[in-house]
> 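Questions regarding the structure given below will be posed in turn.
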Amino acid sequence: MNTILGLIPVEAFLFCWILLILGLKISGKNSGGLYVNLLLLGVLVAIGLVAFPAPNAQFGDLIHVNALNRFIRGLLYLGTFFIVIQSSSWLKKHDHAAEFSILLLVVLSGLGLMVSTGNLLIFYLGLEMASIPLAAMASFNLTSKMSGESGLKLILSSAFSSGFLLFGISLIFGLTGTISIAEIPVNLANSTLALIAMVMIFSGFAFKLSAVPFHFWTADVYQGAPMGITAFLAIVSKSSIAFVFLTVLFPILSAIQQVWPTVLIALILLTIFTGNIFALRQSSLKRFLAFSSIAQVGFILMGMLVPSEKAAVSVLYFLVVYMFSSICIFGVAQWLEEQTGKDSLSNFKGLYKENPFAAWSVALGLFSLAGIPPTAGFFGKFFLIGSGFQGVSVWYVVLVGLNMVISLYYYLKIVKYMFMNEVIEELEKPQMALPLKISLGIGMLAICFLGLSNWIVNHLSNLF
Amino acid sequence: MSFLIPLLIAVPLCSAVANYLVNANSARWIAAISGFIQLVLSILIWKVYADFRAAGETAQFLLTAHYSWFPLWNINLDLGLDGISVTMLIMTSLVVFSASLLSWNVRNDAKLFFSLLNFLSAGAYGFFSSLDLFAMFFFLELAVVPKFLLIGIWGSGEKIASAMKLVLMLMGGSALLLTGLFVVYYGAGGNFSLTELASNRLGREIQLVAFPLLFIGFGVFTALFPFHTWVPDGHSSAPTAGSMFLAGISMKLGAYGCLRVATYLLPDAAVAYSPYVIILSSIAIVYGALATLMQTDLKYMNAYSSISHCGFILLGIGMQTKASILGSVMQMVSHGLMTALFFGAIGLIYQRTHTRKMEEMGGLLKSIPFLSAVFVIAGLCSLGLPGFSGFVSEMTIFVGSWEHSDAFHRVATILAAASIVVTAIYILSAIGKVIFGPIRQASHISLEPASFVEKLGTGVLVVAILFMGLVPFWFTNLISEDARLIMNQFTLLMNP
C-alpha cells in the first residue's frame, strides 16, 4: 500500500464523493435534503476512514500518516459533521446545496492534506485548497450584501496572508535549499534573513489564526457569513491552523528560540486584551463570537511559548474542548437566528424559560470557554497557562489570569440574558429538531466529562 | 474507611442531579434528606476519625483516598482529613442542612435552586478534604457559577449587579491563586501534593513570590481588606440560603486556604509578610465593626459584621502562635455557624415583615417569639458572650496574640479586642430596635409563627453554637494537634 492512493484513502474517497454529487447535480436532481444527507454521509465515512487503525506511513517526506494527524483529522471532520447537522435546515432550503457540499468536501480534503504535511509545499497546497472554497462559502447567502462583503474580505485577507507565507517559505528555501520540515531546522542558521523569513511565515499564520494585530478581517467576515460558515471558520479552520502551527512552525521557530518567547508573549497579551475588550461591547452575536474567539486564540498561543510534551498535549486538548464548547454555542445561536431572523445577543433573552435544554447548552459552552469547573474548559485553560508559565515572568501570567475575569464578565452577561431576563419575543417553535438536540447533547456531555475523566489527556500524551 | 470522603462529596452531587430531574415539591424533600445524610455522614466521619486517633494513629491525614488524575502533570485527586478539616466538614454539613430546611418555601424554579445549593456544598466538602492543590483549586472554583445564579435569580435588590461583582472579584482572586499555584508547582519541580510540599520546603525566594499571590487570592474569598467590597452587596442581595452559604461556608474556604496553603506551605514567607497580614486584618476588624454601626438594613449589618469577624480569623493566622491558630480555626467554625444562623433568622423575619429596615420593625418578640429568640441568640454569639461559641474562639485568638510581647502585636491585639465593644453596641441596639419595644406597624401584630421545618433548621444551628460554647474542648482536642503541626513548620524555621 505504499502508493499515494493508499496513503490518502480519505482524500480519494472525498474525491469520489465529490464526483458523485457533481454527477447528481448535472443530472438535474435539485433536492436540498438529498445533498445534505449525502454530505453528512460523506463526512461520516471520512471520520470512519480516519478512525480506522492504520500503521504509520509516509510518502517521501511529502505526506505523513500517523496517529497524531489522524487524531486531528478526526477532530476536524467531527466538528464539520456537527456544524453540517446544525446548519442542515438552512442548507436544505438553499438552492445551491449541491455546490455547497462540493465546496465543503474540497475544503475538508485540503485541511486533511495540510495537517498531514511533511513539507512546506504540500502544506501550502492544502492551505490554499481549503481557503479559496471557504471564501466562496462565506458569500453563500446570495442575496445578502454583507455575505458578499464577507467572502470578498476573506479571499483578500487570505491571499494577502498567503503572500506573506509564500515569501517566507521562499526565503527559507533560499537559505537552506530544502522545504522538508524535518530538515529545515538542521540547516537553518541564525541570520537576519532567517529572522525575516520567520517573521513572514509567522505573520501569515497570525493572519489565519486572527491573532492581533492581524485580526481586522475576523469580525466582519464572521458577521457577514452564514452562521454555519462562521462556525466552520471559528472551529474547524482555526483548529487546523493551530495544529499546523504546533507541528510545523514550532520546530522551525526553534531556530530563533531567543527572540521567540518575548515576541510571542507580547502578541498573546495583545490578542487576549483586544479580543476581550472588544467583545465586551458587542451587540451582534457573530461579532461577539468573533472577538471571543480571538481571545481564545491568545490562550492557545500560550501553549506555544515553551516547547514541551505538556505544551503540545495542552494545545491539542484545548482544541478538542474548544470545538465542543463552540458547537454547543453555535448550534443554539444558529437555531435562534433562524427563528428571529436577527443576529443579536438579545436573542438569548429569557431562553431558559422557553427551552431550558438550549439554555444549558449555551451556558455550559460559555462556562467552558470562560474556564469554569467542572467543564473541560477549566482544565484546558489551566494546562495552557501552566505549560506557558515557565517561559515568561510571573506578572504576565497574572495579566493573562486577569483577562479571564474580563471574559467571565461578558460570558456571564449572556448567562444573565438567558436565566434572569424576561422573554422579549416568543419563539415560533420553541422545540428543536432531534438531530440538533443530539448534537448539542453530545457536546454537553463532552464538556462535562472530558476534564473530569482523564482519558483524552492520557490518549493525547500517548500520541507524542 | 477511605470511601467516606468520596461518599460525602458524591451525596450532594447525586442530589444535585436528582433535584433537577424531579418536580419542585420532591426537590425540597430530596434536598432536606440529602442534607440530613450529609450531616450524619460528617458526624460519622468525626467519630471514625476520633476512634483512629484514640487508637494511637499518628499519621497527619487520615481516611485518605487516592486517585490518579492527570499523570502527565503529576496531578492526583488526593483526599484526606486532619482535625481541622473534620471540624470544617461538620460546620459545612450543619449549615447546608439548615439552609436546605430554611429554603423550604422557595418559589420560582425550586428544583434548580436546590440543585445549585447541593452543587455548592459538594464543592465545599471537596475543598476541605483535598490534599492536592489542583484539586483544591478545582473545588474552590466549582462554586463560582452556582453563586452567580443563586444570587442573580433568587436574590433581591440590585441582585444582578451584586452577583456580577461578587463573581468577578472572586474570579480575580482565583487568577492570583492560579499564578501562585504555578509558582509553587514549578518551584517544587512539578508537584501539587500538599503533604510532599510541606515536607520538602520550597526555597525562600520562591516562597516570597508565591505567598502574596496565594494569600491575597484566598483572602479575596474571606474578605481580606481591601478586597472585601463584594461582601456587603453579595450577602445582602443573596437569597437566605445563599447568604447562609456565602457567609457561613464560602468565606471559610478562603480562610482555610490562607491557613492550609499559604501559611502552612510557605512558613518563611508567612513570617516575612506577617506584619502586613496583621495590619490588614486589624483594619478589617475595626473598619468592619465601625461600618456595621452605620447600617440600617439587617442583612447589611450582618454582612459588615462578617468582614469584622473574618478579620479575626486572618489576625489569628497572622499572629502565628499555636493558640492563635487554634483560635482562628475555632472562629471559622463559630462564625460559620453563627452567621448562618443570623442570616437564617433575618431571612425568616423578612419573609414575615417584608422589610429588613431596623427602624420599620419593633416588638417582634410579641408576634414571633421563637424567631426573636433565635435572632437574640445569634446576636449574643456574634458579640462574644460567654457560653456561646464566639466567646471561646475570640478569646483563644486574643490569648494567642498576647504571647507576642512587642508593641506592634500588642497594639493590634488591643485594637481587635476593643472592636468587641463596638460589636456590642450594634448588636444590642439592633436587638433593642427589632425585638423589643413597641410594635411599629399594624401588620406586624400578628405574624405567622415559625413552622416545624423552620424551627428544626434554626434549632440545629442553635444547639451547635451552644454545644461549642459550653464544651469547647471537644473541638479544641480535635484541632490542637494539627495547629501544633502547623506551628512546627515555624519552629523548624527558627531552629533549623
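Remember, it's a predicted structure, so these values are computed and weren't measured experimentally. In what follows, every chain begins at residue 1, and chains take the letters A, B, ... in the order their sequences are listed.
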> Checking A:Leu452 against chain B: side chain, backbone, both or neither under 4.5 Å from a heavy atom?
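Backbone plus side chain of A:Leu452, per the 4.5 Å heavy-atom cut-off to chain B.
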
> Under a 4.5 Å cut-off applied to non-hydrogen side-chain atoms, are B:Val183 and A:Phe389 in contact?
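Yes - at least one pair of side-chain heavy atoms lies under 4.5 Å apart.
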
> Sort A:Leu412 into side chain, backbone, both or neither according to what part of it lies under 4.5 angstrom from a heavy atom of chain B.
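Contact with chain B involves both backbone and side-chain atoms of A:Leu412.
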
> Side chain from CB out, backbone as N, CA, C, O: work out which of these in B:Leu170 comes under 4.5 Å of a heavy atom of chain A, or both, or neither.
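Neither part.
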
> Work out which heavy atom in B:Trp73 is nearest to a heavy atom in A:Phe383; give both atom names and the distance.
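Heavy-atom minimum between the residues: CH2-O, 3.4 Å.
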
> I'd like to know whether the aromatic ring centres of A:Tyr317 and B:Phe70 sit less than 6.0 Å apart in this structure.
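Between B:Phe70 and A:Tyr317, which both carry aromatic rings, the centre distance is not below 6.0 Å.
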
> Report which part of A:Ser387 has an atom under 4.5 Å of a heavy atom belonging to chain B: side chain, backbone, both, or neither.
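Answer is both: backbone and side chain atoms of A:Ser387 are under 4.5 Å from chain B.
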
> Given a strict heavy-atom distance threshold of 4.5 Å, which part of A:Tyr409 is in contact with chain B: side chain, backbone, both, or neither?
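Both parts, heavy atoms under 4.5 Å.
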
> Heavy-atom pairs under 4.5 Å with chain B - which of A:Val400, A:Thr375, A:Ile372, A:Asn403 has more of them than the others?
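Most pairs with chain B among the choices: A:Ile372.
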
> Go through the atoms of B:Leu72 and report whether side chain, backbone, both or neither lie under 4.5 Å from a heavy atom of chain A.
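For B:Leu72, heavy atoms of backbone and side chain both lie under 4.5 Å from chain A.
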
> Report yes if the side chains of A:Phe379 and B:Phe134 come closer than 4.5 Å at any heavy-atom pair, otherwise no.
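Yes, close enough: below the 4.5 Å cut-off.
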
> Should the pair A:Trp360 and B:Tyr20 be assigned to parallel (<30°), tilted (30 to 60°) or perpendicular (>60°) ring geometry?
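Judged by the thresholds at 30° and 60°, the geometry between A:Trp360 and B:Tyr20 is perpendicular.
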
> Can you check whether B:Phe138 reaches A:Pro374 side chain to side chain, under 4.5 Å on heavy atoms?
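Heavy-atom side-chain distance check passes, below 4.5 Å.
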
> Would you mind checking which part of B:Leu213 comes under 4.5 Å of any heavy atom in chain A, side chain (CB onward), backbone (N, CA, C, O), both or neither?
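The answer is the side chain of B:Leu213.
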
> Are any non-hydrogen side-chain atoms of B:Leu149 and A:Val415 less than 4.5 angstrom apart?
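In contact.
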
> With side chains defined as the heavy atoms from C-beta onward, is the minimum distance between B:Phe182 and A:Ile385 less than 4.5 Å?
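Yes, their side chains come closer than 4.5 Å.
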
> Ring centroid separation for B:Phe148 and A:Phe367, is it under 6.0 angstrom?
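Here the rings of A:Phe367 and B:Phe148 have centres that are no less than 6.0 Å from each other.
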
> If I measure from the heavy atoms of chain B, does A:Val313 come under 4.5 Å with its side chain, its backbone, both, or neither?
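Interface part for A:Val313: side chain.
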
> Do you know the tightest heavy-atom contact between B:Glu141 and A:Pro373?
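Minimum heavy-atom separation between B:Glu141 and A:Pro373: CB-CG, 3.1 Å.
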
> Could you have a look at B:Asp109, B:Leu176, B:Leu177, B:Leu140 and say which one has the most heavy-atom pairs with chain A under 4.5 angstrom?
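Of the options given, most contacts go to B:Asp109.
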
